[in-house]
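Here the structure comes first, spelled out in structure tokens, and everything after it is commentary.
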Amino acid sequence: VMQIPDSYNQKNSLFNAMNRFIGAVNNMDQTVMLPSLLRDVPPTHDSAYFQPDTDMYSSYILLKSIRNDIEWGVVQGEELRKEKAGVASMVVAEEDDLEKQFHFHLNGLHAVLSKLTHKANTLTNRYKEEIGCRN
């Protein structure tokens, strides 16, 4: 078995990706004292992670909501989805390769968390520009 250095594993772990995202959103939340100032502020030129027809306030609310889901869980929503999906889909899931599914979703989640972290950092910097605060 090939061993990868711990620093690489730690840097790319889902746990650390979640911590980076939560840290970025916490920083955004502490920096943005008046979220209403973000209303009608269009995304920055770095709009790859922002919907073109939304304002920065919508992104702020979304990022905080996702952070809360990570910290507190989404059990209620997951239970509702299971009820709607029915027993048949659960049987199909058991027959699939669970390890393959896990790695697919883990990679996807890691990529999404990286994009959300970038989005939170960009929003924080944009807010600082809007209020005239530069570091």
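Note: the hydrophobic cluster containing Phe104 does not contain Leu109 (ILVMFWY, side chain heavy atoms under 4.5 Å, direct or indirect links). Phe15 and Leu106 fall into different hydrophobic clusters, where Ile, Leu, Val, Met, Phe, Trp and Tyr side chains are chained together by heavy-atom contacts under 4.5 Å.
Every residue was checked against the side-chain contact (heavy atoms from CB on, under 4.5 Å) condition with Asn107, not counting sequence neighbours, and none meets it. Qualifying side chain to side chain donor-acceptor pair (under 3.5 Å) partners for Asn27, counting only residues two or more places apart in sequence or in other chains: none. With sequence neighbours excluded, no residue forms a side chain to side chain donor-acceptor pair (under 3.5 Å) with Asn19. Checked against side-chain contact (heavy atoms from CB on, under 4.5 Å), Ile61 has the following partners two or more places apart in sequence or in another chain: Tyr57. Checked against side-chain contact (heavy atoms from CB on, under 4.5 Å), Val32 has the following partners two or more places apart in sequence or in another chain: Met28, Pro35, Leu38, Tyr60, Leu123, Tyr127. Qualifying side chain to side chain donor-acceptor pair (under 3.5 Å) partners for Thr31, counting only residues two or more places apart in sequence or in other chains: none.
For residues 21-39, every residue pair satisfying the salt bridge (Lys or Arg N to Asp or Glu O under 4.0 Å) rule, not counting sequence neighbours, is listed here: Asp29-Lys64, Asp29-Arg67.
Looking at Ser58 and Asp55, their side chains do bring a donor and an acceptor atom within 3.5 Å of each other. For the residue pair Asn16 / Ser13, a side-chain donor-acceptor distance below 3.5 Å is found, with atom types taken as modelled.
Note that CG of Leu116 and CZ of Arg20 are 12.5 Å apart. Values are rounded to the nearest 0.5 Å.
Residue Ala120 comes nearest to Val25 through the heavy atom pair CB-CG2, 3.9 Å, listed as atom of the first residue, atom of the second, then distance.
Two residues are said to be in side-chain contact when any heavy atoms from C-beta on lie closer than 4.5 Å; Lys119 and Leu63 meet this criterion. Contact annotation: the side chain of Leu113 approaches that of Ile70 to within less than 4.5 Å [non-hydrogen atoms, C-beta and beyond].
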